[in-house]
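Read through the structure below, which is laid out as C-alpha cells, and then see the notes.
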Amino acid sequence: MKTTSSMVSPKSSVLLAKRKRKIHKLLEDEDDDNVGREEGKISEAKSESMKGDSKKRQFRKKTVSFDDSESEEEMLKDQREKEELEKHIREKDEARTWKLTVHKLTQKEKEEEIRRSNALEKDDVRVLRNSSRHEFLKKTVDKKLIELGNYIEDEQYLFEGVKLTEAEKSDYRYKKEIYELLTKQSEEADNVNEYRMPDAYDQDGVVNQKKRFSAAMRHDRDRISDEKMNSFAEQELWEEHQIGKASWKYGSENKKQASDDYQFVFEDQIDFVKASVMDGDNVCYEEMDDSFQKSKAKSASEALLEERKKLPIYPYRDELLKALDDHQVLVIVGETGSGKTTQIPQYLHEVGYTKHGMIACTQPRRVAAMSVAARVSQEMGVKLGHEVGYSIRFEDCTSEKTIVKYMTDGMLLREFLGEPDLASYSVIMVDEAHERTLSTDILFGLVKDISRFRPDLKLLISSATLDAEKFSDYFDSAPIFKIPGRRYPVEINFTKAPEADYLDAAIVTSLQIHVTQPPGDILVFLTGQEEIETAEEMLKQRTRGLGSKIAELVICPIDANLPTELQAKIFQPTPGGARKIVLATNIAETSLTIDGIKYVVDPGFCKMKCYNPRTGMESLLVTPISKASAMQRAGRSGRTGPGKCFRLYTAYNFHNDLDDNTVPEIQRTNLANVVLMLKSLGIHDLIHFDFMDPPSVEALLKALELLFALSALNKDGDLTKVGRRMAEFPLDPMLSKTIVASEKYKCSADIISIAAMLSVGNSIFYRPKDKQVHADNARLNFHIGNVGDHIALLKVYNSWKESNYSAQWCYENYIQLRSMKRARDIRDQLEGLLERVEIELISNSNDLDAIKKSIASGFFPHSARLQKNGGYQTIKHPQTAHIHPSSGLAEVLPIWVVYHELVLTTKEYMRQITELKPNWLVEIAPHYYQLKDVEESVSKKLPRGEGRA
DNA sequence: GAGCACTGC
C-alpha cells in the first residue's frame, strides 16, 4: 500500500496526515489478509479472549468460595500495596526524578491502554477499528437520512475539509455499509446495553457478544462486595435509565415526544395540567397557555407558593421533618433541582427551629449563597438581609433579625473561630457536601465534634447520590433521606477505542455533532487556557474549509481568567440558524451553568493541583477525571431538555480506569492553613482528628513544622501569641506572618498591599497572545531598578491607586481590572484586621529594605541560593529550583532570594521573587538558620561572576 | 526564556 502513501498531497495539514495515517494503516491491514483469513484470525482471537475470560472466572470463583479468608487476603494485599507504595515514594524522593517518572508513567499508561484496547478489539470488525470517530456519527446519525441515501451528502461534509483520495473515499463507503449492517442488527437486538460490544459476527454463530459480556458482568457482580455493588449498580442503572429515556425521543416520530418535554418544563409552574400532560394530547397546550396566564394574573406570592409545591421535595416535607425530629444528624440525597437548598430551611423555620437559633446553610461558592438567599427571601416575602440573609467574604448581608443564613463554607469556618460551639445556630445544613472542598471537610470534623455536646443542634448533610453511604457512616450511621431529582434524560456515548489525541478527537466530535445532530449548543470540556486557544484555532481552521455547507458555528471560549466582558459572550443567546460551541475548563462543571447546552463532549481529563509535602512543591497535572466528575459533566447537557454526552473514552475505561470520586482536596493540599486554624480552635491532636478522609501524617507534620518555624507554635505545639494574631488573617500562614512582622519594620500598609496582590494569584498581568510584546514592556515598567516581584506588585497597586482606581489605567498597562478590584477588596479587609490585632497602619514605601525584611520574616523557609550552573538551590531542604521566566529578576539572578511559591511545570520554578541579604536570615530566624548555613556557602561557592557579586 | 484547573477565607 505504499503507493497510496505517495499519493498524500504535500499540502496536507497535520490533521489530514494523521487521519490518513490511520486510514493507510487500515488499508495495509486489509491488504495483508484476505477476508476469509481475516475471519479466521478473528475467531481465533475470540477463543483466545474467551480463554482469558474463563481464567478470570475461575479466579473469581476462587475468591468467592474462600469468602472467610478474603478479609485476611485483602489485608495482606493492602499491606503489600502499602509497602509497595512506600517503596514507590522513597524511590521518588528527589523531585526531579519524581517528575520524570510521573511523565513516563503517563506515557506508559497511554501505551498500555492502547495495547490493551487493541487486544480487546481483536474480536472486533477490523475495518471499524480505526474509525472510532465515525462511530459517533454512525451511532447517532438520523436513520432516515441513511435510508434516503442522503449520507453521501454528509460524507461530503466530512471529506470537504480533508480532501481524501478516491481510494479512501471508497473505503469510507465500505465502512458505511458495514455500519448499516450493524445498525440493523442492533435494532433487532432486544436490550441495548451501553457496553455495546460489536455484534457483527453474531449471525455467523461464532460467539454472542452480548451474552458473553453479560455473563462477564454477572461474574463481576458476584465478586464485588455488596456495598460497592450498590453504587456500581446505581450508576449503571442511572445511565441505562437515561439512555432508555433518551433513545425513543429521537427518531422519525419524535415530534410528539418533544412537545411532551416542553410541557414538562411548564409543569414547573402550573398546577393542574399534569393529567393532560400525561395524556400527551395537543389540546393541553392551549389549556396550559391559559392557565399560564391565570397563574401570572395571581399575586406573585401565591404563584411562588404554588411553585414551591411543585418541587419534588414537597411531598416529603412532613416525613423529612419527622426524621429530623427523631435524629440529630440526617444525610439528604437529592439531585439538583429537587429544591432541597431552598425549601428545607424554610420548612425548618415553619415548624419553629428558628426560635432557638439561626439556620445556617453552607454553599461552596459565593454566587450560590447569594442567589439562593435572594430566592428564599422572595419566597418568604421578606427583604433580603432581614429574616433571610447571606454572609460571604467582603459582604455580610445579615442583620439582627436574620434567622435563615446562607453562607460559604469557609465563612462558617471563620465563624467557628469567634464562636467555637456555634451557639447562635440551631441547625447547620452543609449543602453540596459531595464536592468535598477543603472547608467542607474541616467543617465535618468540627460539626461532628460539637454535635456531641450540643444535642439540640441539628445537622443536615446534603449531597448528590454517590457518596451518601460514606457520609452516613462517618456521622455514626445517620439515616439517609432520599429525594428524587428532576432532570432530563441524557444519552451517554462512549468511543469504541481510546483516542490517542483527545484534543483532535474533541474537535472532530464537535464538528460531527454540528453536522449530524438537531439544533442545540455544544459544551466541550478542556483542561486549560492554552488548550482552549488551540482548540479555537483548529475549529476555525476546519470550519473555514467547510464554508457555507454547514450552519454557522459560534465559538465561545471560557475560563476563569478571561476578562468579564468576554465571559459574558457565552450567555448571549445563539443567533438563529447557528450553533454555539462552548470551549470551557472545569469552570463549567460546577461553577457556571449555560442554558441551551444539549451536547457535552467530555475528553475525560482535567488539571489537578497536587501538593508534595516532601518537597513543599505544588504541581498542576493533567489527570483523568473521576466517575462522579464524568456524571456531573454529562448532566450539564440535560438542564433545559434531553441531552447527549459524548465521552472520548471507552466504557471499559470508564468502569475500570476512572476513580469513583475525585481525591478530596484535603489530601492534596498544603495544610499549613488548616493546621493553624484547628490549633486556634484548641484542637491539639491533629493526627487523630476525626477527618472523613485523613490527610497524610507527613503533610500534617510538614505543616506543623512550618508553623513552628514561623513561631506560630511553641515547642509543645501550642499556639503562641504570634500564632493567634496570624490566625486572624484569611491568608497563607507565611503571608500572615509577613504582616505580623511588618509591625516591627513599620511598613504594615505596604505589606498588606503586597499580601493582597499575592493572594489574588497569577491573573494580574494580562497577556493576550497577539500583544505579548506590548504587555511585556508594560510590565517591565514596574520592575525598574530590579526591585523584585513583591515590590513590583506594590508599585502596580500604588500606581493604580494613584490613577484613582482607573479602568483606563489598567487597560493601558495590561493589568486585569477584575484582579485589581479583588486585590482592593482583600486589602480593605486586611486593613480592618490590622486594627483588630492592634498593628498600626504605617506606610514606609521608601525603605525597601524594611519591606524586604518583613517579607523575609514570613518567607525565610523559602529561601534559595544561586548555584554555579545558574540554577538555584533551596537552603534548608536542598532542592533545585529556577526563577520563573515571568519574574522581573529572571535575568538578574541575585545570589540570595526568597520566593513566594515553588511550582512544578516543565521545571521547578520559583514564582514571585525578592532579593535577600544572607545575614538577614540569621537575624530574622536564628532558630532556623545558623551563621554557618549562610556564611560557609558564601565563601566557598561563589558563582563565576555571572550573578552580581 | 516559559505558562496560569477551580473554589474559598
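Every chain is numbered from 1 and lettered A, B, ... according to where its sequence line falls, protein lines coming before strand lines.
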Worksheet, complete the sentence: Those residues at least two apart in sequence (or on a different chain) that pass ring-ring contact (aromatic ring centres under 6.0 Å, His included) with A:Y611 are none
Discussion item. What is the distance, to the nearest angstrom, from the CD atom on A:Q363 to the P atom on B:dC9?
Written reply: 12 Å
Item to complete: Sequence neighbours left out, what passes side chain to side chain contact (heavy atoms under 4.5 Å, CB included) with A:D825? Give chain and number order.
Response: A:F394
Item to complete: Using whole Å, report how far CD1 of A:I826 lies from C1' of B:dG8.
Response: 11 Å
Practice prompt. Measure the acute angle between the ring planes of A:F859 and A:H862, then classify it against the limits of 30° and 60° as parallel, tilted or perpendicular.
Written response: tilted
Item to complete: Provide, to the nearest angstrom, the distance between the CG atom belonging to A:D396 and the P atom belonging to B:dC9.
Response: 12 Å
Worksheet item: Checking all strands, does A:I392 fall into the base, sugar-phosphate, or nothing category for heavy-atom contacts under 4.0 angstrom?
Response: sugar-phosphate
Response to the item:
Residues at least two apart in sequence or cross-chain that pass side chain to side chain contact (heavy atoms under 4.5 Å, CB included) with A:R767, listed by chain then number, are A:Q772, A:A775, A:D776
Item to complete: Check side chain to side chain contact (heavy atoms under 4.5 Å, CB included) between A:T590 and all other residues, then give those that pass, not counting sequence neighbours.
Response: A:R365, A:E435, A:Q632
Practice prompt. Quickly work out the A:E395 CD to B:dC9 P distance and round it to whole Å.
Written response: 11 Å
Discussion item. At under 4.0 Å between heavy atoms, how does the protein contact nucleotides 2-7 of chain B? Give one character per nucleotide, 5' to 3', with B, S or -.
Written reply: BBBBSS
Fill in: Separation of B:dC9 C1' from A:M677 CE (nearest whole Å)
7 Å
Item to complete: Using the test side chain to side chain contact (heavy atoms under 4.5 Å, CB included), find all partners of A:K448 that sit at least two apart in sequence or belong to another chain.
Response: A:R452, A:Y474, A:F475, A:D476, A:D690
Fill in: Rounded interatomic separation in angstrom, taking CG from A:L413 and C1' from B:dG8
10 Å
